[in-house]
Chemist: 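I have a structure I would like to understand better, so I am pasting it below and will then ask my questions one at a time.
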Amino acid sequence: MDVFYRGKDRTRQAGATEERERAVDNNAVQQSQFVYLSGCETPVLARLSYAPSAPFTVSLAFRVDSEEWVEWEFSRDLLITGLHAPAGIGDIRIRPDLPAPDDALLVIELESPDGYAAVEIDRGDVQEFVEATLSRVPLGYESERLDLDAVITSLTTARP
């Protein structure tokens with residue numbers, strides 16, 4: 001598991017190297033790891049991302065081929081709650097893997113009209129990712145980082 005930080009201090013952690021560091025957003029957090037999808041014997045590369053410019057949201061993306069990712073965005077609060085107890089009632093549900101004797105895995109269930117997938121991901125790695133997001137934007141301070149004017153402009157701008 002690698003957690004990447006990018007900011008003024010260019011801090012790196014957990015095995016990150018200069019070549020692997022990514023410039024996504026100032027102070028962004030990104031973590032890549034292999035996960036297991038329901039029904040697949042081979043692990044799939046997945047990426048958790050967080051950008052303080054979208055403080056309420058995390059994304060989970062899966063690499064489907066060499067240049068294409070499928071990305072799901074959901075609430076950071078949902079991920080935090082799901083680390084400790086079942087959370088979510090919609091298309092995304094998160095829970096500790098109950099049969100695991102040491103709660104080593106986290107299960108993220110994704111559902112859409114195109115199908116269903118259950119993702120098994122290392123719970124400790126997700127906890128590190130969440131802690132890194134909280135170091136960037138603590139709980140309760142998200143609204144201070146949200147550019148509401150930009151959100152309104154994005155929603156009201158005509159697109160082709």
Side-chain angles (χ1 to χ4, degrees), residues 1-7 11-17 19-140 142 145-146 151:
M1 182 243 10
D2 295 316
V3 177
F4 299 97
Y5 303 112
R6 181 152 178 101
T11 305
R12 285 185 301 236
Q13 177 181 339
T17 61
E19 342 28 279
R20 296 176 66 198
E21 189 172 5
R22 292 175 170 78
V24 240
D25 185 9
N26 190 32
N27 291 319
V29 180
Q30 183 171 346
Q31 176 194 81
S32 298
Q33 66 179 288
F34 286 100
V35 299
Y36 285 93
L37 296 175
S38 56
C40 294
E41 295 292 323
T42 307
V44 175
L45 183 61
R47 176 184 66 212
L48 275 166
S49 301
Y50 176 78
S53 58
F56 293 101
T57 307
V58 295
S59 72
L60 177 61
F62 305 98
R63 191 172 195 169
V64 293
D65 67 35
S66 63
E67 296 191 24
E68 185 180 357
W69 292 81
V70 173
E71 186 169 18
W72 288 75
E73 291 185 341
F74 53 95
S75 161
R76 180 174 70 161
D77 287 345
L78 179 65
L79 184 61
I80 291 169
T81 302
L83 278 168
H84 308 288
I89 56 172
D91 294 341
I92 300 173
R93 295 175 302 279
I94 303 172
R95 63 178 168 78
D97 192 18
L98 303 177
D102 57 358
D103 291 332
L105 295 175
L106 189 67
V107 176
I108 301 175
E109 297 176 281
L110 307 167
E111 193 168 350
S112 77
D114 296 327
Y116 168 86
V119 180
E120 293 179 344
I121 189 168
D122 184 277
R123 188 169 172 250
D125 290 348
V126 174
Q127 181 66 48
E128 285 184 37
F129 171 79
V130 165
E131 289 170 7
T133 73
L134 293 172
S135 74
R136 299 305 186 261
V137 180
L139 286 177
E142 296 91 348
R145 298 297 293 267
L146 184 65
V151 171

Chemist: Applying side-chain contact (heavy atoms from CB on, under 4.5 Å) to F62 and V35, what does each step give before you reach the verdict?
Modeler: CA-CA 9 Å; F62 305 98; V35 299; 4.0 Å; yes
Chemist: Return the OG to CZ distance between S53 and R136, rounded to the nearest 0.5 Å.
Modeler: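 One finds 13.0 Å between OG of S53 and CZ of R136.
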Chemist: Run the side-chain contact (heavy atoms from CB on, under 4.5 Å) test on I92 and L60 for me, step by step, so that the C-alpha distance in whole Å, both residues' side-chain angles and the decisive distance to 0.1 Å come before the verdict.
Modeler: CA-CA 11 Å; I92 300 173; L60 177 61; over 6 Å; no
Chemist: Could you state the interatomic distance from CD (Q33) to CG (L45), rounded to the nearest 0.5 Å?
Modeler: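 If we round to the nearest 0.5 Å, Q33:CD and L45:CG are 9.0 Å apart.
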Chemist: With sequence neighbours left out, write down each residue that passes salt bridge (Lys or Arg N to Asp or Glu O under 4.0 Å) with R76, or none if nothing qualifies.
Modeler: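 Partners of R76 under the salt bridge (Lys or Arg N to Asp or Glu O under 4.0 Å) test: E142.
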Chemist: Passes side-chain contact (heavy atoms from CB on, under 4.5 Å), T133 versus L79? Steps please.
Modeler: CA-CA 11 Å; T133 73; L79 184 61; over 6 Å; no
Chemist: Specify the closest pair of heavy atoms between S75 and V58, including all atoms of both residues, with the distance to one decimal.
Modeler: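 Minimum heavy-atom contact is O-CG2, 4.3 Å.
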Chemist: Please report the closest heavy-atom contact between P86 and P96, naming both atoms and the distance.
Modeler: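 Closest heavy-atom pair between P86 and P96: N-CD, 4.2 Å.
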Chemist: Measuring from atom CG of L78 to atom CG of L83, what distance do you get when rounded to the nearest 0.5 angstrom?
Modeler: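 Answer rounded to 0.5 Å: 10.0 Å.
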Chemist: Kindly compute the distance separating OG1 (T81) from CZ (R95), expressed to the nearest 0.5 Å.
Modeler: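 So the OG1 of T81 and the CZ of R95 are separated by 15.5 Å.
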Chemist: Got a sec, which residues hit side chain to side chain donor-acceptor pair (under 3.5 Å) with E120, two or more places apart in sequence or on another chain?
Modeler: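 If we apply the side chain to side chain donor-acceptor pair (under 3.5 Å) test to E120, skipping adjacent residues, there are no hits.
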Chemist: I'd like to check I94 versus F74 (side-chain heavy atoms, cut-off strictly below 4.5 Å). Are they in contact?
Modeler: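 Side chain of I94 against side chain of F74, heavy atoms only: contact under 4.5 Å found.
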Chemist: What distance do F56 atom CZ and Y50 atom OH have between them, rounded to the nearest 0.5 Å?
Modeler: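 Rounded to the nearest 0.5 Å, the CZ-OH separation comes to 8.5 Å.
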Chemist: Would you give the length of the straight line joining atom CD of E128 to atom CG of D122, rounded to the nearest 0.5 angstrom?
Modeler: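 That separation rounds to 8.5 Å.
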Chemist: Does some side-chain heavy atom of L134 sit less than 4.5 Å from a side-chain heavy atom of I80?
Modeler: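 In contact.
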Chemist: Under 4.5 Å between any side-chain heavy atoms of L105 and Y36, yes or no?
Modeler: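 Side chain of L105 against side chain of Y36, heavy atoms only: no contact under 4.5 Å found.
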Chemist: Could you tell me if the side chain of R63 sits less than 4.5 Å from the side chain of R47, heavy atoms only?
Modeler: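 No, too far: nothing below the 4.5 Å cut-off.
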Chemist: Would you say the side chain of L106 lies within less than 4.5 Å of the side chain of D125, judging by non-hydrogen atoms?
Modeler: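 With C-beta onward as the side chain, the pair stays apart.
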Chemist: Can you list everything that forms a side chain to side chain contact (heavy atoms under 4.5 Å, CB included) with T42? Sequence neighbours excluded, please.
Modeler: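 Once residues adjacent in sequence are excluded, T42 has no partner under the side chain to side chain contact (heavy atoms under 4.5 Å, CB included) criterion.
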Chemist: I'd like to know whether D77 forms a side-chain contact (heavy atoms from CB on, under 4.5 Å) with L139, so could you lay out the CA-CA distance, the side-chain angles of the two residues, the decisive distance to 0.1 Å, and finally the verdict.
Modeler: CA-CA 9 Å; D77 287 345; L139 286 177; 3.5 Å; yes
Chemist: Quick one: closest heavy-atom pair of W72 and E111, and the distance?
Modeler: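 Reported closest heavy-atom pair: CH2-O, 3.5 Å.
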Chemist: Run the numbers on E71 and S59 for side-chain hydrogen bond (donor to acceptor under 3.5 Å, both in side chains), then give the verdict.
Modeler: CA-CA 7 Å; E71 186 169 18; S59 72; 2.8 Å; yes
